[in-house]
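Protein chains get the first letters and strands the later ones, always in sequence-line order, with residue 1 at the start of each.
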Amino acid sequence: MPDSEAAVEIRGEIVVRLPEDYGMVSLRCALDTVEIEGALSRWAGTGMPGNGRFARTNKGSFAWMAPDELLLMVPLSELEPTLEAVRDLGKSIPLSAADVSDMRVLFEVSGTGSRDVVAKGAPLDLCSAEFGPGSFRRTRLAQVSVMVWMEKEPAIRLACRRSEADYVEEFLKFAATRGNPGFYS
Amino acid sequence: MSRYSAFAIASKAMRRHSGWERVWTSPDPKRNYDVVIVGAGGHGLATAYYLGKNHNVRDVAIIEKGWLGGGNTGRNTTIVRSGYLQDDSVAIYELSRSLYETMSQDLNFNVMFSPRGLMMLAQTHHEVRGYKRTVNANSLQGLATEFIGPERVKKLCPIIEINGPRFPVLGAFWQARGGTARHDAVAWAYARACSKMGMHVVQQCAVTGISRDEEGIRGVETEKGPINCKKLGVVVAGHSGVLAEMAGFRLPIESVALQALVSEPIKPCLDVVVMANTVHGYISQSDKGELVIGGGTDGFNNYSQRGSFHHIEETVRALVETFPIISRLKMLRQWGGIVDMTGDRSPIISKTPVRNLFFNCGWGTGGFKAIPGSGWAMAELIAKGNPGPLAAPFSLDRFKEGRFIDESVAAGVAH
Amino acid sequence: MSKRLSEGGRLIDRERTLRFAFDGKPYSGFYGDTLASALMANGQKIIGRSFKFHRPRGLVASGPEEPNALVSLGEGPRREPNQVATTAELFEGLVAESQNCWPSLDFDVGALSDRFSRFLPAGFYYKTFISPKNGWYRLFEPAIRRMAGLGKPPELPDPDCYEHFYAHADILVVGGGIAGLTAARIAAASGARVLVVEQRPNWGGRSVVDNVRVDGAAASEWVRSAVEELEGFGAAMRLKTTALGAYSHGYVLACERLSDGSNRKGGLRQRLWRIRARKIIVAAGAIERPLVCPGNDIPGVMLASAIRDYLTDYGVAAGREIVIATNNDDSYRTALALSDAGIEVPAIIDTRPSASGELPGLARERGLRVIESSGVAKIFGKRQVRGVAACSMGGSGEISEKINCDAIALSGGWSPTVHLWSHSGGKLRWDDHWVAFKPDPDFPPLGDDGIAVAYAAGAANGELLCRNIAADAEMASKRALADMGIDAVPVESPAVESGVENEAPIEPAWLVPNNMSCADRARSWIDYQNDVKVSDIDLAALEGYESVEHAKRYTTLGMATDQGKLSNVNGLAILASDLGTAIPDVGTTTFRPPYIPVAFGAIVGEAAGNLFKPVRKTPIHSWHDDNGAIWEPVGDWRRPFCYLRFDETERNAVNREVLGTRQGVGLLDASTLGKILVSGPDAGRLLDMVYTGVMSSLPLGKCKYGLMCNENGFLMDDGVVARIDEQTFLCHTTTGGADRIHAWMEEWLQTEWWEWRAHVHNLTEQYAQICVAGPKARELLEKVGGMDLSKASFPFMGWRDGRIGEFNVRVFRISFSGELSFELAVRAREGLALWETLMDAGKEFGALPYGTECLHVMRAEKGFIMIGDETDGTVTPQDLGLHWAISKKKFDFIGKRALERSYLNGSNRWRLVGLELPRFKSKEQLEDGAYLYETSAVNEHGHAKMIGRVTSTYYSPTLERPIAMALVESGPDRFGEFITINSKDEGKAIVAKIVEPVFLDSEGKRQNA
Amino acid sequence: MLKLRCPNCGFVADETELSCGGEAHVKRFGPGSSDEEFESYLFLKKNPKGVHFERWRHSYGCGKWFHAVRCTASQEVFGTYSAQVEGPPRELFDEISRRRPGWSHKD
């Protein structure tokens, strides 16, 4: 549940700092090798996401971070079992994993103008052809690095480093409250 | 050549200024010279001038691919200071600064040297330590600099915000005799003085090749034909690497873009030069009233005199934070220059693998302030064939030996 | 006298009156007016003063190219100098003031300089004020600075806010006139993503003013439907948005004006667009040039097109009787428009031998008098035009007749607006037919793919006949689409008619009359704002400032706030004729962004105040804030420097923290330290290359201190490495090193040793880290309980996973303070809770938090080095006596080869020692950065010979005396020697004794406790 | 303002998302090398006015390094390719020669 205190609303664009009820695991392995991709897919039940995408599996959401890195997002309650399972997996394929659940803070920008809000800080092309449900990008927001993805229109989620969360929150709220350029919406 | 003075202007005015002589002559080059200098920027012209003045070498041609003073000399932020840290830097930069003090009289051309004072803001404890260190070094080097507190900073520069929430001003490094000069005038004045000594300033004459044999240097190939010389000095800033390649060797240099900008002219509001190194910006106000602003260099090799706009954004961001009143002023013009950066960010004034071929380059972002001193040292090197104490430390072999002259002693934050 | 006509004015709403003030006088205008049109409607002739001679200046133009009508706009924090009246929208309560005049606009003392203008030719200041030494700086410069400058700087911070916006488009169209809209229409219809920006508040450009007919209807009709159509295609259409500059790879900056000067709503003032376009279509139109003739700067002399604009757009007449002076047909449109509006046009002075085109014909039909092959001998009037004297164009200015008038319309032809084309490298070509520089299609600006990134269309492309403009735009658009691999769908281009079939060609007329006398050359202006006259260009040419760059800089031609939009071509032409060369051979000066001046605030965007720069905060930040932390910026982090209690000084707080920790227990928030996990079969191999010591042999459960050099052999970082398991190491770095070292390891793995099987995770922010230090540290932790911390089972330099209270922690038994010390790593979200638990449990042991300064003092007492203090990028591990941390066995590590170079092995290197100092009267410690020197010797430069420097200096509350560490020439060989330190603030030299750099517990009893 | 296609993630990156790592394919000289070799490795970088092979990192994106070929005068980009190679791919030479007739690769 979005914490309503943190919400700022102006003509439909809402910025929410999400509660920390998620776990994250960083997986480093050679995704481009068939065996490993196969092993992961079998383990997760579905294929792994391609570059610029994330995919829901029965083990959680996998986001493509880099040619040798996936980010696995699960509910916090699943974190410990997931870490266990990943360690087991590590015995069968060359893979290194790390619990990164506390490294980042998540935000959600909802409302029809969500793309316009994010485009005030990110050099991405956010038009629906380039960026829609299932899209996942790593880029910069103003002066810090962020991950940006869309689960369903029009809400956009962002994750930034924990230490920079206050900056990102202030930036997004400024962007959401200072008028909508109406370029994407 | 007639002298410049108020009287000269008055008398010429009577004849509607029809009687003025040319500032410099533009002859076609001869086939032979004792010395050829490639590059008619400030450093090249100063080199030629001191060859004549200090060493009585006057059979000199300065050849320039474009127009004299049209490179970095004419596109920098005109700051003159000598408050460096290392002995060798202070020696050449302070000679240079002191020559600026008398340049207008020496060359009978007003270069508008304005020793209005220069401050480098200390905005972190680390910077405070660094600048105090420099002040202590300077005192042993006989250089008048001091570390001043925030109140004094505010007094010297009222429009500064010393209690900025992000980077409060903790003090500043202050050189009272630092300042600015009129960049174009410096090149023009030296060119006029060189012409006066009978030297040839040859513009619109690009060098296409450097001719050498086992003996050493022979001369240069140019758009206006071959020119032979006994000694060749190359002083071409951004294009040093290209010239070195012509001579068959490589320099420890990379060419990058450095940008600057000016605001619209406003009435005087800034009487000193301010450099804020934490936030990468420096600013002064020209006599015309424009705020002259510079920042850091681009991060990649670049020979186009255009930089990337995000560097302008970073610089302006920093300066608006430090000088809040400028937010509603406007940027009038931005431009870029090509600067040559060496491995230790200090210049090269050196012999080369080729006998009687000498290079003066690598001044990076700090070339303008060094013009007279650099010319002085380079002239000595060319005339004697060996470096004097000024140039010796800046020789090429230092990179092989690991003998660096590193002014960037702030090693980054660490706790 | 200029005035508002009883009817007309397509942009104003006569129902809505707006009141405003200029120089304190109240005026009124209409909604839709610009400040310029409103002042003109009120008969205000003089609006500004020129830069150099403070001559009276009136309106010349109707757009952003205006060089004269600059005012200071607004009040209080919103007062803004150098606002161009022609683009300032009028709003209720607008307050404007004239600039660069004293005591008043009408009587300006500065204008005296005009009397002496003969003694102040171009560049006079280079030739005088030369002596005495310092004369310039002390006497002349201050006076000149006061005379120079335009508006007064603001006095208060900017209350408005700005933002940035990233936009992407296939095609960016600059200019919303017929050319721009036509090009955009084709592109959008063909499926391209199109963004159109127009600087004016309305679409259509000149066509609407010149009542051109498009497809048989009024241009305005077509414009309206074209815009609707474009919106239908999903094109983004932006008014009041000026493209400022084009940079490499199709990056264009544009500034959108979102509020008038009042910004009553207090919202955004401006938005800076960062546009990334695959192709740019430059359809920015053209700018008219004045004729250069004697007295052409007197208020009332305007551009012919501007007079037409004010008439059609705002229903304002520039005068009662307006004479036209021209060298082309277009300006006859002004004559016709004026006579249609019932304004007297006593004469049209045409420099051409015969004005026989259709437009002159229409003028004659209206009974207007055309005087052919004539020039302007003189313009009468001082503060405003009273009349004009005609002369033969071929002559030198003998007056042929005098004509009364109160305004004069000048037209010297048009210059295509090529700025954006040129910014990113497009070349220009001289066009003899239109007498102008225009884009050279053979040398367009190139994109990243090496093909054209910009295409010029319509007037901006030098196509000045309006009936050809649409076709030209269509061609540009199709070329752009083709280069992108998009097939253009056939779209009917509009048929544009100007009412005449043909326009007779313009004829160059650079000096009017041709053989102007010397006296007249000194009264004929080229650059109105900077007072550059023909005689100044003559002087530059005479003295050898022949290149256009020299002439520009010598005379200041084109360096005014309009950046030469009106003056450059006239100046070039006159320079060319002085030099006896052709205009294209003289060339142009480089066009630099921005196209029009842009507020620094807009460049800053949102990054002001709290958003100026990110502040990084640890999970325990809020506790520090609530408990008196004095913050120290460390990179983007904030760390507590110390914690103030009540009214104690920082110094006292630090001393208290040191003693409290040494005698009891202290807590440090060490969360900012880098924590980098290196894992994989080759992890040890990687660390053995990155660190100077051997890490691969580190036993499980153990920690080891390591040093990192850069490839140049100089120390770059240090920290403790822990062996987690067979294939995993955890590397601690300095705060500043965290990101740098992570990137450093990745770089080597990715670009040099990519076959090595190792992965690097930067876990810095995954954990909060708390250092518990002091003799009572163990007691405190044991009280909270959860794991065995006894010396026997958990010795110094070991680490364990376990529990402390409710928390899963990883405990490192390492010490940077020299005390018994445990560092607890806990997941970040639990960091604050653990900290509070420990502070709570620590009460009975007098536990206190300590900051970075206390940390520094303690490490210095112990003789530990600090990256950034003992090192500065030029110091090797050997210099610091850290040989023990450098492996002799390893064949290679990063920096090893560099350390073999002669200079880095010299016997005279400055090496680390301690200094035993006298007690100071003035203060507790030796100042930072003092140097050590030989009192007798000087170096080759005549400086005192330095032989070392103080790297760290503190007051040690433990030892109750000042301590210092220093780098001294072959220092370790000189223990016991006395050495001289220069101290500026002691005011005298200090003598210190060289000692071992360890001041406390050299055998390490405390940390091993 | 450059834009480069990162071959690792396939996206076009804005200059503000990238950092440049200087000359590409520089051979590392370690212990046992001559002073000349070591100096050339550390300091004597290629600095051509024209076609330049260099290293870039997609630092605000996938974090990976790659190689790019760029004209230092016109900013034209001839291509990008993997960082894990000893030298540029052949087909890139052909592409450069096609766009820059007469160009030849100097080592």
Q: For C:Phe129, check ring-ring contact (aromatic ring centres under 6.0 Å, His included) against everything at least two apart and list the hits.
A: C:Trp136, C:Phe140
Q | Main-chain N/O of B:Pro265 paired to C:Asn82 side chain as donor or acceptor, under 3.5 Å | A | yes
**Q.** Part of C:Gln563 lying under 4.5 Å from any heavy atom of chain B
**A.** side chain
**Q.** Which portion of C:Asn905 sits near chain B, non-hydrogen atoms under 4.5 angstrom
**A.** neither
Q. Counting N and O atoms only, with roles assigned by atom type, does the side chain of C:His550 sit under 3.5 Å from a partner on the main chain of B:Leu68, one being a donor and the other an acceptor?
A. yes
Q: State whether C:Phe51 and B:Lys288 meet the cation-pi test: NZ (Lys) or CZ (Arg) under 6.0 Å from the six-membered ring centroid, and within 45° of the perpendicular axis.
A: yes
Q) When you look at C:Glu546 and B:Arg22, which way does the side-chain contact (heavy atoms from CB on, under 4.5 Å) test go after all the steps? A) CA-CA 10 Å; C:Glu546 293 166 336; B:Arg22 295 177 65 88; 2.9 Å; yes
(Q) Need one label for B:Pro115: side chain, backbone, both or neither, based on atoms under 4.5 Å from any heavy atom in chain C. (A) both
Q | Region of B:Tyr131 in contact with chain C, defined by heavy-atom distances below 4.5 Å | A | neither
Q: Compute whether any side-chain donor of one residue and acceptor of the other, for C:Lys127 and B:Asn108, lie under 3.5 angstrom apart.
A: no
**Q.** Per-residue contact mode, B:Leu261 against chain C (heavy atom under 4.5 angstrom)
**A.** side chain
Q. Under a 4.5 Å heavy-atom cut-off, does chain C meet the side chain of B:Ser18, its backbone, both or neither?
A. backbone
Q.
So does C:Ile130 get a backbone contact from the side chain of B:Gln105, meaning a donor-acceptor N/O pair under 3.5 Å?
A. yes
**Q.** Region of B:Lys400 that comes under 4.5 Å of a non-hydrogen atom in chain C
**A.** backbone
Q: Check whether B:Ala137 gets within reach of chain C through its side chain, its backbone, both or neither, counting any heavy atom under 4.5 Å.
A: both
Q: Could you tell me which portion of B:His310 (side chain, backbone, both or neither) has an atom closer than 4.5 angstrom to a non-hydrogen atom of chain C?
A: neither
Q. With a 3.5 Å cut-off and no angle check, do the side chains of C:Glu141 and B:Ser114 form a donor-acceptor pair?
A. yes
Q.
With a 4.5 angstrom heavy-atom cut-off, is it the side chain or the backbone of B:Arg398 that approaches chain C, or both, or neither?
A. neither
Q | Under 4.5 Å from any heavy atom of chain C - which part of B:Asp184 | A | side chain
Q) Which atoms of B:Gln204 come close to chain C, meaning under 4.5 Å heavy atom to heavy atom: side chain ones, backbone ones, both, or neither? A) neither
Q. Does C:Tyr126 have any ring-ring contact (aromatic ring centres under 6.0 Å, His included) partners at least two apart in sequence or in another chain, and if so, which?
A. B:Phe109, B:Trp188, C:Tyr554
Q. Any ion pair linking B:Asp87 and C:Lys945 (charged N to carboxylate O, less than 4.0 Å)?
A. no
Q. Contact part of C:Pro142 toward chain B, heavy-atom cut-off under 4.5 Å: side chain, backbone, both or neither?
A. neither
Q) Between C:Met946 and B:Leu140, what is the shortest heavy-atom contact and its length? A) CG-CD1, 3.8 Å
Q) Rounded to the nearest 0.5 Å, what separation is found between the CG atom of C:Asp158 and the CD1 atom of B:Ile325? A) 11.0 Å
Q) Can you say whether C:Leu253 sits under 4.5 Å from chain B via the side chain, the backbone, both, or neither, judging by heavy atoms? A) side chain
**Q.** Per-residue contact mode, B:Glu314 against chain C (heavy atom under 4.5 angstrom)
**A.** neither
Q: Taking atom types as modelled, find out whether C:Thr128 and B:Asn110 have a side-chain donor-acceptor pair closer than 3.5 angstrom.
A: no
**Q.** Side-chain (B:Arg333) to main-chain (C:Met559) donor-acceptor, under 3.5 angstrom
**A.** no
(Q) Counting the benzene-type ring for Trp, do B:Trp24 and C:Tyr545 have ring centres under 6.0 Å apart? (A) yes
Q: Apply side-chain contact (heavy atoms from CB on, under 4.5 Å) to the pair C:Val604 and B:Glu313, showing each step before the final yes or no.
A: CA-CA 6 Å; C:Val604 170; B:Glu313 287 176 4; over 6 Å; no
(Q) Less than 4.5 Å to any heavy atom of chain B: does that hold for the side chain of C:Arg553, its backbone, both, or neither? (A) both
Q.
What part of C:Ala560 gets within 4.5 angstrom of chain B, counting heavy atoms only: side chain, backbone, both, or neither?
A. backbone
Q: Using modelled atom types only, decide if a donor and an acceptor are shared between the side chain of B:Asn136 and the backbone of C:Tyr931 within a distance under 3.5 Å.
A: no
Q) Heavy-atom distance under 4.5 Å to chain C: side chain of B:Leu170, backbone, both or neither? A) neither
Q | Flag, side chain of C:His943 to backbone of B:Asn138, donor-acceptor distance under 3.5 Å | A | no
**Q.** Residue pair B:Arg133 / C:Arg949: nearest heavy atoms and the distance that separates them
**A.** NH2-NE, 3.1 Å
